[in-house]
**Student:** 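Next up is a structure, given as structure tokens.
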Number of protein chains: 2
Amino acid sequence: MAELVAALDVGGTTVKAALLDADLNALATTRAPTAKSADGTALAEQVAEVVSSLAEQAGTGSPGAVGVVVPGIVDEQARVARFSANLDWRDVPFGDLLENRLGLPVAFGHDVSAGGLAEFRVGAGKGCTDAAFIAVGTGIAAALLLDGRLYRAHGLAGEVGHIDVGHRIVCGCGATGCLEAISSASAIARRYTERTGRPADGAQPVVDAARHGDEAAVAVVSDALDGLGHGLKTLLTLLAPEVIVLGGGLFTAADYVLDPVREYLASALTFQRMPELRVASLGDEAGRLGAGLLALDRLHDR
Amino acid sequence: MAELVAALDVGGTTVKAALLDADLNALATTRAPTAKSADGTALAEQVAEVVSSLAEQAGTGSPGAVGVVVPGIVDEQARVARFSANLDWRDVPFGDLLENRLGLPVAFGHDVSAGGLAEFRVGAGKGCTDAAFIAVGTGIAAALLLDGRLYRAHGLAGEVGHIDVGHRIVCGCGATGCLEAISSASAIARRYTERTGRPADGAQPVVDAARHGDEAAVAVVSDALDGLGHGLKTLLTLLAPEVIVLGGGLFTAADYVLDPVREYLASALTFQRMPELRVASLGDEAGRLGAGLLALDRLHDR
């Protein structure tokens with residue numbers, strides 16, 4: 001069925017898939033543990049099975065195209081995953097590999113970039129020309145919409161998580177001061193545990209504790225939001241987006257976290273234009289919808 | 001003569017103008033002190049005179065189009081100078097104003113952005129798709145070439161001089177830590193004078209003194225180059241340009257200043273791609289040639 005696409009958001013542990021129509025309505029959805037191999041063939045095999053099973057579930061024929069997004073560094077022009085720590089991939093030409101396996105047009109992209117595409121086209125950033133989508137999760141990455149087009153630099157652009165925001169914590173990348181070493185969900189959980197000895201599953205319980213007056217949580221969340229303000233200031237000094245869309249579990253507590261970031265910017269900006277801060281509207285679905293949009297674009301290119 | 005354009009680089013003190021052919025050869029050149037009025041009419045009058053005088057000097061008819069670039073914040077789409085401290089302008093619709101005065105097609109742009117355009121098209125950045133041109137002068141600003149197109153954000157993009165590079169000096173903009181407060185030519189001269197009581201006319205004499213072992217000059221130049229390395233790291237973490245073109249008087253001593261910046265980056269980068277650092281090749285001519293390119297583009301659009 002030429003007007004349908006299969007969309008797969010491949011994470012380090014789970015594949016989230018859907019069969020979508022041209023309006024991004026899901027006719028069928030499924031999840032499975034990610035099949036891994038260093039050459040990508042295990043995942044290609046799994047994608048083939050998932051696509052068949054979605055079509056069977058929906059009672060349709062094969063989709064017209066398939067979109068797959070993965071974490072890491074993806075060169076979308078070359079259709080090669082340059083590096084993906086979660087999948088243990090280096091220079092895997094997954095776009096071509098999967099297209100040969102399926103005999104269907106394949107769009108291959110990056111999860112955060114695709115999530116941004118979805119937010120910019122059908123989510124919180126709809127209608128913008130110059131915007132940034134910041135995904136705060138285990139790490140922090142950005143999708144950049146500049147003059148109405150995603151800017152990718154072969155998958156190397158948007159590493160906002162590694163902007164130096166001026167603290168003394170060493171980041172996983174080896175540098176000191178990186179935004180994601182103080183403001184990512186994993187950094188918030190880790191720093192809370194360091195202070196209290198209590199485990200935290202991501203940023204959300206720490207934000208909840210801060211809301212209820214837990215002093216350690218208040219300090220950790222406050223550092224994280226100041227870091228985020230600092231990183232956003234740098235981004236907007238260089239790129240001047242009209243809108244910044246913020247995504248990730250941290251922002252489900254939008255009422256608690258957005259105001260401090262706005263206040264940071266209001267006091268830190270001098271001549272720069274204050275951007276509108278918006279919370280992402282597609283949540284966990286952003287990557288999969290972005291994969292669907294990439295597949296639909298691929299279909300319309302043909 | 002439709003294939004000729006007049007190109008004017010308007011500074012706070014001097015207008016540099018040329019009559020250029022389609023290959024950017026100058027058939028006539030002239031300079032004049034900048035005519036100023038808050039509404040822009042004095043400059044429009046002066047441009048009309050300069051254009052006539054260039055045509056007379058070259059023995060040609062009127063040019064096919066005129067390109068004018070100015071410092072400040074210029075919205076090139078709206079053809080309005082939003083702000084120019086040097087010209088004492090706020091929201092001057094100079095593109096339309098000049099076009100009405102001249103009865104000729106006018107391109108109106110920003111000096112650093114036009115200088116970057118010239119470096120990217122016919123100078124040190126020729127052939128690049130993703131590149132940045134950094135002009136180190138009284139301030140520090142960048143022109144950004146992203147996916148082969150200049151990114152402008154209505155004149156607000158590229159304010160690399162106001163990236164926080166982590167020092168305690170207060171910038172003219174009011175913020176602390178700005179790149180240009182430690183690495184601009186004026187900051188280098190000012191900091192040298194503060195330390196020694198000796199005046200310095202821009203960065204070049206300080207670099208010369210550093211070369212000859214003057215300790216205060218070595219310290220000031222070293223701070224400036226570390227700041228520049230820090231700012232470039234931030235830029236390339238976000239945008240991943242293949243090439244960074246460095247312009248301004250500081251880089252006439254390229255052999256002395258480029259290596260420390262390269263070394264800073266080599267030790268500070270973790271996963272990021274090392275860009276190629278090149279010295280600008282058009283010098284003082286970049287702005288005027290960029291104005292000419294904008295005028296030629298305007299001519300070919302019609």
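Letters A, B, ... mirror the listed sequences (proteins, then strands); counts begin at 1.
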**Student:** Going by residue number, which parts of residues 67-92 of chain B are within reach of chain A, meaning a heavy-atom gap below 4.5 Å?
**Tutor:**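 None at all.
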
**Student:** Examine whether an atom of L179(A) lies under 4.5 Å from a heavy atom of chain B, and if so say whether it belongs to the side chain, the backbone or both; otherwise answer neither.
**Tutor:**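 Neither part.
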
**Student:** Going by the rule ring pair (Phe, Tyr, Trp, His ring centres under 6.0 Å), which residues pair with F133(A) if we only count those two or more places apart in sequence or in a different chain?
**Tutor:**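 Listed in chain order: nothing, the list is empty.
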
**Student:** With chain A as the partner chain, list the residues of residues 229-243 of chain B whose heavy atoms fall under 4.5 Å from it, by residue number, and write 'none' if nothing qualifies.
**Tutor:**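 At a heavy-atom separation under 4.5 Å, chain A is reached by H230(B), K233(B), T234(B), L235(B), T237(B), L238(B), L239(B), A240(B).
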
**Student:** Calculate, to the nearest 0.5 Å, the distance between atoms CZ and CZ belonging to R149(A) and R149(B) respectively.
**Tutor:**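 With rounding to 0.5 Å, CZ (R149(A)) is 3.5 Å from CZ (R149(B)).
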
**Student:** Please name all residues satisfying ring pair (Phe, Tyr, Trp, His ring centres under 6.0 Å) with H162(A), sequence neighbours left out, ordered by chain then number.
**Tutor:**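 Expected list: F271(B).
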
**Student:** Who wins among L144(A), L269(A), L156(A) for the most heavy-atom pairs under 4.5 Å with chain B?
**Tutor:**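 Counting heavy-atom pairs under 4.5 Å, the top option is L156(A).
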
**Student:** What residue, out of G174(A), C173(A), G177(A), A175(A), has the most heavy-atom pairs lying under 4.5 Å from chain B?
**Tutor:**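 Of G174(A), C173(A), G177(A), A175(A), C173(A) has the most heavy-atom pairs under 4.5 Å with chain B.
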
**Student:** Based on non-hydrogen pairs under 4.5 Å, which of D147(B), I163(B), V165(B) is most in contact with chain A?
**Tutor:**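 Heavy-atom pairs under 4.5 Å are most numerous for D147(B).
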
